[in-house]
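Notes follow once the structure below has been shown.
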Amino acid sequence: MKKAIIVYWSGTGNTEIMAEKIKEGLEDNNYEVELTEVYDAEIEEVLKYDKIAFGCPSMGIEELEEEEFEPFFAEILPELHDKKIALFGSYGWGDGEWMEEWEERVLAENIELFEKGLIINSTPSTDEEEECYEFGKRFAEF
């Protein structure tokens, strides 16, 4: 069975909901999926997967969570060259600028990025949960 991992950080639970729905979409497309909060993630373990989805909400002035997620992502980023990467997260203000900057960081490293990062304002609605599910299904086909 094909395998993927989702590594995320969630403060209020919104990004966690997104992660769970993306996981369902991958699983319904014949993937075995590991769902891991970033503080439990080990770089060596994450790098065993060819498909990795990273989830982090917008924090502060449109930036990645800086205590746990940003240090982890900064360390793993140079190791992702032979991986397929998806990005997602929720936000509560602004217009998603943090995601655009995050995508640019990945692309600047010549890493294979799946679509545009998926962003959802606040708690995902039923329709937005379906968007997350479909994002996961498409990522499985990527």
Closest contact, heavy atoms only, Leu35 versus Ala19:
CD1-CB, 3.7 Å
Any side-chain heavy atom of Glu103 within less than 4.5 Å of one from Lys116?
yes
Heavy atoms, side chains only, cut-off 4.5 Å: are Leu80 and Glu109 in contact?
no
So which heavy atom on Ile22 is nearest to which on Cys132, and how close?
CG1-O, 3.4 Å
Tell me which pairs pass ring-ring contact (aromatic ring centres under 6.0 Å, His included) where either residue lies in residues 7-57, with sequence neighbours left out.
Phe54-Phe73
Determine whether a donor-acceptor pair (N or O, by modelled atom type, separation under 3.5 Å) exists between the side chain of Glu65 and the backbone of Glu67.
yes
Look up atom CG in Asp40 and atom CD in Glu34, then write down how far apart they are to the nearest 0.5 Å.
10.0 Å
Same apolar cluster (I L V M F W Y, side chains within < 4.5 Å links), Phe114/Trp102
no
Would a single hydrophobic cluster contain both Val106 and Val38, if residues Ile, Leu, Val, Met, Phe, Trp and Tyr are joined by side-chain heavy-atom contacts under 4.5 Å?
yes
Drop me the distance from Ser10's OG to Ile17's CD1, to the nearest 0.5 angstrom.
7.5 Å
More than 12 heavy atoms from other groups under 6.0 Å of NZ on Lys3
no
Any chance you could measure Glu79, atom CD, to Ile52, atom CD1, to the nearest 0.5 Å?
10.5 Å
Side-chain contact, heavy-atom cut-off 4.5 Å: Leu77 with Ile111?
yes
Are Val46 and Leu64 connected, step by step, through hydrophobic side chains (Ile, Leu, Val, Met, Phe, Trp, Tyr) whose heavy atoms are closer than 4.5 Å?
yes
Closest non-hydrogen atoms of Ser122 and Ser90, given as atom of the first, atom of the second and distance, are O-CB, 3.9 Å
Met18 side chain reached by Lys21 side chain, heavy atoms, under 4.5 Å
no
Is the backbone of Leu47 close enough, under 3.5 Å, to the side chain of Lys83 for a donor and an acceptor to pair up by distance?
yes
Rounded to the nearest 0.5 Å, what's the gap from CD1 on Ile119 to OG1 on Thr15? Could you check?
11.0 Å
Same cluster or not: are Phe139 and Ile85 linked, directly or through other Ile, Leu, Val, Met, Phe, Trp or Tyr residues, by side-chain heavy atoms under 4.5 angstrom apart?
no
Starting from the C-alpha separation in whole Å, work towards a yes-or-no answer on side chain to side chain contact (heavy atoms under 4.5 Å, CB included) for Asp28 and Tyr133.
CA-CA 9 Å; Asp28 285 352; Tyr133 173 81; 2.6 Å; yes
Less than 4.0 angstrom from a charged side-chain N to a carboxylate O is my criterion; do Glu45 and Lys48 meet it?
yes
With the 4.5 Å side-chain cut-off for hydrophobic clustering, are Leu113 and Phe88 part of the same group?
no
Would Lys51 count as a cation-pi partner of Phe142, with NZ or CZ less than 6.0 Å from the six-membered ring centre and within 45° of the ring normal?
no
Residue pair Val7 / Ala41: nearest heavy atoms and the distance that separates them
CG1-CB, 4.0 Å
Just so I know, are the side chains of Leu26 and Ile6 near enough to count as touching, which here means a heavy-atom distance under 4.5 Å?
yes
How many angstroms lie between atom CZ of Phe72 and atom CD of Glu42, to the nearest 0.5 angstrom?
9.0 Å
Quick check: are there more than 12 heavy atoms from other residues, nucleotides or ligands sitting under 6.0 Å from CD of Glu141?
yes
Does Glu20 pair with Lys23 as a salt bridge, N-O distance under 4.0 Å?
no
Verify whether one side chain among Asn14 and Thr12 offers a donor that lies under 3.5 Å from an acceptor in the other.
yes
For Glu131 and Glu134, what are the C-alpha separation, side-chain angles and deciding distance, and is it a side chain to side chain contact (heavy atoms under 4.5 Å, CB included)?
CA-CA 5 Å; Glu131 277 180 56; Glu134 292 297 331; 5.8 Å; no
So, for Pro78 and His81, which heavy atoms are closest and what is the spacing to 0.1 Å?
O-CD2, 3.1 Å
Pairing of Arg105 and Glu63 as salt bridge, 4.0 angstrom limit:
no
Flag, side chain of Glu62 to backbone of Asp95, donor-acceptor distance under 3.5 Å
yes
Inter-residue atom distance Leu87.CG - Glu100.CD, 0.5 Å rounding
12.5 Å
Heavy-atom pair of closest approach, residues Cys56 and Trp98
O-NE1, 3.3 Å
